[in-house]
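Values below: all heavy atoms of this structure, side chains included; hydrogens, waters and symmetry mates excluded.
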There are 2 protein chains.
Amino acid sequence: MREKADSDLVRRQNRLLLMEALRQHGAMARVEMGRHTGLSPASITSISSQLIADGILEEDTAPHVPSEGSHRRGRPTTQIDFNPKNANVVAVKVSIDGLELALADGRGAILARRTSRTATYDADPTAFGKLVADEITALLAKARVPARRVARVGIAVQGVADSQAGTVVWSPAFRTRNIAVSSVVEERLGIPCRVANDANMIAEGLIGSDRAGYGGTAAVVFMGYGVGMGLIINGQVYHGPTGAAAEFGHMNHLPDGPLCRCGRRGCVEAYVADYSLLRWASGNAATQPPSFNAIPEAHMLALEAAAHRGEAAAVSAYAKAGEALGFGLARIIAILTPSRIVLAGPGTRAMALIAPHLNRALEAGVVDELRRNVAIEVVPIDTDMIIKGTIDRALRHVDREIFAHGPPLKRGRELENIA
Amino acid sequence: MREKADSDLVRRQNRLLLMEALRQHGAMARVEMGRHTGLSPASITSISSQLIADGILEEDTAPHVPSEGSHRRGRPTTQIDFNPKNANVVAVKVSIDGLELALADGRGAILARRTSRTATYDADPTAFGKLVADEITALLAKARVPARRVARVGIAVQGVADSQAGTVVWSPAFRTRNIAVSSVVEERLGIPCRVANDANMIAEGLIGSDRAGYGGTAAVVFMGYGVGMGLIINGQVYHGPTGAAAEFGHMNHLPDGPLCRCGRRGCVEAYVADYSLLRWASGNAATQPPSFNAIPEAHMLALEAAAHRGEAAAVSAYAKAGEALGFGLARIIAILTPSRIVLAGPGTRAMALIAPHLNRALEAGVVDELRRNVAIEVVPIDTDMIIKGTIDRALRHVDREIFAHGPPLKRGRELENIA
DNA sequence: AACATTTTTTTGGACGCCGAAATAAACAAC
DNA sequence: GTTGTTTATTTCGGCGTCCAAAAAAATGTT
């Protein structure tokens with residue numbers, strides 16, 4: 001209801017619809033496209049042949065493999081999928097102890113990876129953009145893909161990212177604030193680049209893999225070294241005015257609570273993140289500053305074991321985390337009444353220790369009627385979900401841009417004469 | 001990107017666009033419609049003449065009034081506006097001490113009003129739907145408008161409304177929970193009926209009157225007898241999966257805080273609402289149950305005066321309210337990063353007393369970077385805003401429904417022969 | 001080899017929008 | 001008053017998109 005509708009909008013919308021179906025369900029025949037999009041077979045033929053002519057899609061040339069239940073009569077289907085060579089994308093995940101990169105083709109298949117260990121926290125912030133650009137260059141060199149074949153770079157980072165400005169506003173991975181990234185990468189490589197919050201990318205990945213399951217309003221909480229949240233509102237990841245939304249980890253739980261890495265006191269993260277759990281267990285959390293170092297998984301496993309053995313300090317750390325998480329979620333529920341809350345990340349390993357306190361806090365924190373309509377569940381998430389989500393989002397962006405300025409483009413007039 | 005696009009969608013969307021412009025800016029000439037919608041003059045002529053033929057719009061027949069700056073040459077414009085007789089709507093506002101009703105015509109002009117004083121809190125909840133239906137009947141009788149001319153009833157209520165189910169899930173105006181309303185009204189009057197939260201209706205009204213100002217993401221907080229919030233996300237009032245969203249008043253501030261009317265402890269309302277301020281001032285807030293009675297304005301004025309005189313209990317009540325409000329807003333900012341937060345309602349009279357504590361809490365509660373991007377302002381709001389917003393929303397619903405099932409409808413073929 | 005079945009393409013038509021030209025309804029100037 | 005000038009609105013022809021129906025294609029079945 002925002003935009004004026006004309007034949008151009010119809011064109012764009014239906015093409016996107018078709019490509020969206022393809023992203024969602026993978027290669028499919030024209031008939032299936034019809035089922036997914038509601039378009040008539042005639043239109044599907046017309047649209048798909050145009051997209052194939054544009055090099056965006058391609059027909060599966062593989063000789064029809066008679067799979068399992070293929071005892072069907074009639075003309076066999078021809079599968080159609082994205083042309084993998086049409087557009088590549090690069091995803092970069094920034095963590096406290098290094099960068100993780102992946103190059104994907106137009107279908108989202110990962111072609112090459114690269115990891116670099118660099119302590120980002122104390123490094124020169126002005127050099128960070130250059131570092132990312134150099135790492136991408138190295139990745140592309142390794143995969144023998146020229147930069148001009150890459151349509152987009154997506155960068156996922158913990159903390160507050162301003163995707164409009166292309167900066168990392170604040171992140172526990174850096175001492176400094178407002179670090180420019182997008183502009184540097186764009187200048188050096190000539191590839192459009194986007195910075196986003198890592199938890200949002202997980203949400204993006206979940207939507208990408210199961211649109212029906214995350215169709216309405218849902219919150220995805222990622223617990224681990226930090227606490228992140230991706231918010232799905234009406235089936236779309238909510239990015240807020242500047243792209244810096246859903247900072248659940250830095251939502252206050254208690255005024256004058258323990259110090260958080262963001263510099264405030266009493267944030268949810270200051271109770272629930274790995275470093276916070278260790279800090280509680282070590283005793284003097286109220287005054288002790290937060291740690292900015294990477295925490296080996298072994299430390300967390302040891303803490304969990306201690307809690308399971310019943311050691312008071314460890315047990316109480318998880319109790320505090322459960323309470324903070326519960327009240328935090330209660331507040332989210334009061335405001336947004338999501339129909340689903342998904343807990344994920346390494347922090348959920350200790351769910352058995354956390355759950356009772358979480359539930360008690362939820363009961364105390366929000367009216368029954370609202371609480372009863374939300375399903376809270378723990379979902380095991382592939383560590384790679386951030387990379388996958390970033391790739392997914394980048395590809396969908398590329399899809400959208402194809403038709404962004406799309407005038408009817410009178411290509412292929414000559415072809416009509418052939419017929 | 002959800003719906004398949006075809007000529008029918010184009011038709012619907014452009015007609016809605018035109019009607020939306022008309023709702024927004026009032027009567028206007030065809031040229032202006034073109035400017036607002038981006039449609040060509042030719043299309044505007046075609047669309048508007050069809051809507052006029054359908055009785056949805058009408059040309060202003062008034063002889064062109066040469067207003068102030070009308071020293072323009074050229075053919076004068078003909079104003080077009082909604083046909084006021086096309087659809088009437090009824091708005092009902094439920095408060096603790098009675099009902100307020102208004103009947104509006106298709107342009108949103110109020111034709112008749114009615115107020116009824118009934119203590120709803122202890123009344124028979126099963127009779128409430130009937131009461132509303134009877135009051136509407138009386139209102140219509142007074143205005144001599146038959147029920148079949150009313151296209152929709154909107155009911156605004158404090159507390160949690162489930163607009164899907166058409167029930168008042170929980171409201172401080174009632175002792176009982178889950179009171180069916182819509183179904184009763186629909187059965188008795190045969191008019192589609194919708195229950196909604198009152199603060200959401202204020203937000204709806206604000207959007208209706210200034211779409212540009214509330215275009216992005218904003219939160220509207222209504223402070224008074226209770227504390228409500230309307231959330232505007234991407235220019236639209238967020239209603240959540242069931243229509244029960246943005247219960248800011250019942251978002252927890254502090255675990256184990258004072259008792260709230262919702263039965264929990266430590267809700268924002270239990271610090272900020274009128275009854276809470278009085279309770280703090282009276283001393284033993286921690287244990288004292290909340291009051292469910294209507295509070296005369298004089299009481300609040302007296303409390304404000306006491307605080308301005310520097311009486312410790314009163315001053316501290318406003319300090320507590322400011323802190324709760326500040327941390328509450330800080331949490332909202334962390335999650336949604338709205339670009340605008342609007343405070344409204346009688347509670348804002350005491351803003352001078354509240355503001356310092358609110359600001360201190362905001363600073364303590366959320367990272368600077370996020371806080372700096374939000375404008376917090378006090379906006380004086382007409383007491384009638386709830387009624388107006390409810391009317392507005394009802395009319396927009398009606399607008400949308402006109403084209404909901406709209407097949408091309410081949411009306412007026414014969415007219416072509418005349419030309 | 002003829003028929004059945006399913007997918008895909010072709011063909012002709014409908015609908016909605018647009019640009020350009022025509023028409024309408026004022027005001028302005030002589 | 002008559003002739004322009006200006007602005008608003010309508011008319012007309014054309015374009016692009018989709019769709020339904022019919023045709024063609026490609027395979028299985030009898």
Asker: If you fit an axis to the five pairs at each end of the helix from C/dA1-D/dT30 to C/dC30-D/dG1, how big is the angle between those two axes, to 10 degrees?
Answerer: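 About 20°, once rounded to a multiple of 10°.
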Asker: Can you confirm whether A/K4 sits close enough to B/L17 that some side-chain heavy atom of one is under 4.5 Å from a side-chain heavy atom of the other?
Answerer: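 When only atoms from C-beta onward are counted, B/L17 and A/K4 do touch, with a gap below 4.5 Å.
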Asker: Output yes when at least one side-chain N/O atom of A/S7 is less than 4.0 Å from OP1 or OP2 of D/dT17, else no.
Answerer: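 Indeed not, no polar side-chain atom of A/S7 lies that close.
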Asker: So, A/R15 and A/E20, do they make that salt bridge, N to O below 4.0 Å?
Answerer: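 A salt bridge is absent here (no side-chain N lies under 4.0 Å from a carboxylate O).
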Asker: Looking at A/R23, is its backbone amide N or carbonyl O close enough to the side chain of A/H25 to form a donor-acceptor pair, meaning the two atoms are under 3.5 Å apart?
Answerer: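 No; zero donor-acceptor contacts below 3.5 Å.
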Asker: Classify every nucleotide of nucleotides 4-10 of chain D by which part a protein heavy atom approaches to under 4.0 Å, writing B for the base, S for the sugar-phosphate alone and - for neither, in 5'-to-3' order.
Answerer: BBBBBSB
Asker: Give a yes/no on whether any side-chain N or O of B/S43 is located under 4.0 angstrom from OP1 or OP2 of C/dC17.
Answerer: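 Result: no.
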Asker: Answer with yes or no whether the side chains of A/R30 and A/T45 bring together a donor and an acceptor at under 3.5 Å.
Answerer: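 No donor-acceptor contact under 3.5 Å links the two side chains.
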Asker: Check B/K388 with B/D392, please: is the shortest side-chain N to carboxylate O separation under 4.0 Å?
Answerer: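 Salt bridge flag = no for B/K388 with B/D392.
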Asker: Would the distance check show the side chain of A/T77 and the main-chain N or O of A/Q79 forming a donor-acceptor pair, the cut-off being under 3.5 Å?
Answerer: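 No; judged by distance alone, with no hydrogens or angles, the pair does not exist.
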Asker: Is it true that the side chains of B/S46 and B/S43 contain a donor and an acceptor less than 3.5 Å apart?
Answerer: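 Distance-only check fails for B/S46 and B/S43.
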Asker: Which of the following nucleotides, C/dC18, D/dC18, D/dG16, is nearest to the side chain of B/L39?
Answerer: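 For B/L39, the side-chain atoms sit closest to C/dC18.
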Asker: Using atom CZ of A/R12 as one end and atom C1' of D/dC18 as the other, report the distance to the nearest whole Å.
Answerer: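 Result: 16 Å.
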Asker: Does C/dG16 have OP1 or OP2 sitting under 4.0 Å from an N or O in the side chain of B/N14?
Answerer: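 Looking at the OP1 and OP2 atoms of C/dG16, neither is under 4.0 Å from any side-chain N or O of B/N14.
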